[in-house]
Amino acid sequence: MTEHIIVIGGGGTGAALAYDLVTRGMRVSLLEKGEILSGATGRHHGLLHSGARYAVHDPDAAKECYQENQILRRIAPFAIEQNDGLFIATDEEDREYALRFLEACALCGIPTQQLSAEEALALEPALTPNLLFAVRVPDATFDPFRLPLSFLAAALEEGVTLDRFTEVTGFLEKGGNIIGVKARDLRDGQERELGADLVINAAGAWAGEVASRAGVKIPLQPGPGVMVALNGRLTDMVINHLKPAGEGDIIVPQRRLTIVGTSLWLAEHPDDVETPPDHVERMIELSSALVPGVGEAKIRAAWSASRPLLDDPRWHDDPQQMTRSFRCFDHGELDGRPGLVSLIGGKATTLRVMAEIGADLACSLLGRQELKSHTKERRLPPHRRFFHQLGNAGGAA
Amino acid sequence: MTKQEEERVRVHFRVKRHRPDGSAPAQLTEYDVSLPTSATVLDGLERIRLEEEPGLIYRHSCHHASCGTCACLINGLERLACVTTIAELEGEVITVEPLPGFPVEADLVVDMVPFYRDLDEEWSSLRTSETSKKKSPPDDLKLFSRLEDCIECGICVAVCPAAAEDQPFMGPAALAALNRQLQNHPEEEESLLRVAGNERGESLCQRAIDCSKRCPSKVSPARHIAELRRLVSSSNES
């Protein structure tokens, strides 16, 4: 017998999870209430973290990022601009922080290369002349739509059933167990019921709403932030400010754009989010200190995305301190709702390993812990295969 | 960081609603929403879905003209909803309809499968960054790379008079991508030119140039097609 798993949420996590589960031999249905990748995933700035950003204050996240960075470069090279990144120091405070930074990167196994101001400017002439020195790290830029789309393409190819524009409106229950979902296709209004051996809530910033439909509370906090895309490619490498993580400390080149960000605040509802103009100004001001050309470039777009943060009330006044890590919640164990799991939090860079750990839990709950993940080794198909697969399926998805 | 309140305006939208099962006739439905003055048409659709019509569906992802999903017809012109601001549009009403030339799934959602029919999945998605030559990338990187310009939004196909849904023309996006593959991989010239010169290839282009005019990503498909035409014709002569 093949177990049937429903994954709720067609973002980066759901895409990688569906792919991981189907390659272990599970039967998988993926439901997404809107267009695929239309939540936080696609709106991401595209930074493939080297882990260096987290090395000082969150070494576990840093190691995980570095490991995933190396894996994604290998399995999805077509979606990644592999140009590395620089952390640049502009004042004495940065210089002091650099000592801790280099030591922490070394402890996490993240390779670094120190560059003099002259060496860094030869690589990236657009950097501020106030630059003291720079550290090269293996950051990269990925296409925030195409990389997860490749996971979806692979998932479809392996037999995952994808239903876009299909919203989960409730859960099917039997004796307290979750045994499936009620779903509505927004295209034709049709309601249907879909049974499953396990339901996994991977709805990102919307996971709190989904869980509430099963009467379960999860500590999910939507944490929107502003990003700004500027016309022109000011650098080829990712540029970071060599200081503790904060807002406006990252410049990510992508195609012929330069993306700067980000801010962070806490929101009630993941969709009720606008793009405050003072945040836009502040992102530009802060990143102009790293690359002065940012201040003169024309704005192509400014937007917000709700990160799915694991809530931590200690940091409500300083949300930058909240972890960017992820967690699996087994609602059978936690809330007496067997059959439902939530997989929330996390970063785009770690989507694959987050899916692997979620799928490990799913397999162990189904008594199939012998089934192991294969996603680390297999090269993903280019993103266009997603549409070729949809076409093969008669456009039924 | 605190958020500053921005000046707001009431915006009147007319959005094409369409149900594929025929349960309701396709029609323009009116919505009135309050938006910040800097809002885009996509921000407007998001606000309509949040406050007025939770069942409204449309394609969107990156919100910064990089994924190509939100192309639609806005006040009669094919453009990306995420970078079309309400301030730049003239008139009292903003009318949003699905991207022409593709089958409509529902509301503003079109089926993009036909767009990919002639786009080979292996054709290059990365190229050498133009700025590479002015710099000295580290030895182990050799040359800096970047993603190709085309975001596969479908606008060039939507505006092409030769690429209507029932027409055989492979269309401007596929030919531009083919020529970029040729530029990146000259060793594949023979097989690529055979595709470009086939009965659905460059010869069907009517030279309207709308593809280049409307492309939001400056791909200039018309220029690529002109180049292919020259190459195909000289390879036929030789």
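Throughout, protein chains are lettered first and strands after them, A, B, ... in sequence-line order, and every chain is numbered starting at 1.
Heavy atoms from other residues, nucleotides or ligands lying under 6.0 Å from CG of A/Asp318 number more than 12. Counting non-hydrogen atoms of other residues, nucleotides and ligands closer than 6.0 Å to CD of B/Glu187 gives a total above 12.
No other option in B/Leu56, B/Leu50, B/Thr131 has as many heavy-atom pairs under 4.5 Å with chain A as B/Leu50. Between chain B and the residues A/Leu121, A/Asp188, A/Leu123, the largest count of heavy-atom pairs under 4.5 Å involves A/Leu123. For chain A, the option among B/Arg19, B/Glu148, B/Glu130 with the highest count of heavy-atom pairs below 4.5 Å is B/Arg19. Most heavy-atom pairs under 4.5 Å with chain A: of the set B/Asp107, B/Thr40, B/Val109, B/Leu119, this distinction falls to B/Leu119. Across A/His269, A/Gln254, A/Gln82, the residue that shares the most heavy-atom pairs under 4.5 angstrom with chain B is A/Gln254. Among A/Arg385, A/Arg256, A/Gln113, A/Glu35, the residue with the largest count of heavy-atom pairs under 4.5 Å with chain B is A/Arg256. Of the residues considered (A/Met237, A/Arg184, A/Glu124), A/Glu124 shows the highest number of contacts with chain B, using heavy-atom pairs under 4.5 Å. Between chain A and the residues B/Ser66, B/Ser38, B/Gly22, the largest count of heavy-atom pairs under 4.5 Å involves B/Ser66. Taking B/Cys67, B/Ala106, B/Ala39 one by one and counting their heavy-atom pairs under 4.5 Å with chain A, the maximum is reached by B/Cys67.
Ring orientation note: the planes of B/Tyr116 and A/His383 are nearly perpendicular, at an angle over 60° on the 30°/60° scale. Between A/His279 and A/Trp265, the ring planes lie perpendicular to each other; the angle is over 60°, past the 30° to 60° tilted range.
Of the atoms belonging to A/Pro77, it is backbone heavy atoms, and not side-chain ones, that fall under 4.5 Å from chain B. A/Ser304 does not touch chain B: none of its heavy atoms, backbone or side chain, sits under 4.5 Å away. The contact between A/Arg136 and chain B is made entirely by side chain atoms (from C-beta outward), counting heavy-atom distances below 4.5 Å. Proximity to chain A (any heavy atom under 4.5 Å) is restricted, for B/Tyr58, to the backbone atoms N, CA, C and O. Heavy atoms of A/Phe78 lying under 4.5 Å from chain B belong to its backbone as well as its side chain. In this structure, chain B has heavy atoms under 4.5 Å from both the backbone and the side chain of A/Leu186. Only the backbone of A/Val273 comes within less than 4.5 Å of a heavy atom in chain B; its side chain stays farther off. Interface remark: A/Ile259 contributes side-chain atoms only to the contact with chain B (heavy atom separation under 4.5 Å). Of the atoms belonging to A/Ala229, it is side-chain heavy atoms, and not backbone ones, that fall under 4.5 Å from chain B. Of the atoms belonging to B/Cys150, it is backbone heavy atoms, and not side-chain ones, that fall under 4.5 Å from chain A.
Interatomic distance, B/Met170 CE to B/Leu178 CG, rounded to the nearest 0.5 Å: 7.0 Å. Note that CG of B/Asp149 and CZ of B/Arg127 are 5.5 Å apart. Values are rounded to the nearest 0.5 Å. Distance check: B/His63 NE2 to A/Thr275 OG1 gives 9.5 Å after rounding to the nearest 0.5 Å.
Of the residues listed (A/Ile239, A/Leu234, A/Ile251), the one engaging A/Leu127 in a side-chain contact (heavy atoms from CB on, under 4.5 Å) is A/Ile239, and it is the only one.
A salt bridge links A/Arg187 to B/Glu105: at least one charged side-chain nitrogen sits closer than 4.0 Å to a carboxylate oxygen. Using a 4.0 Å cut-off between charged side-chain N and carboxylate O, A/Glu81 and A/Arg233 make a salt bridge. Electrostatic pairing of B/Arg17 and B/Glu97 does not count as a salt bridge here, judged by no charged N lying under 4.0 Å from a carboxylate O. Note on B/Arg146 versus A/Asp143: no salt bridge recorded, every NZ/NE/NH1/NH2 to OD/OE distance being 4.0 Å or above.
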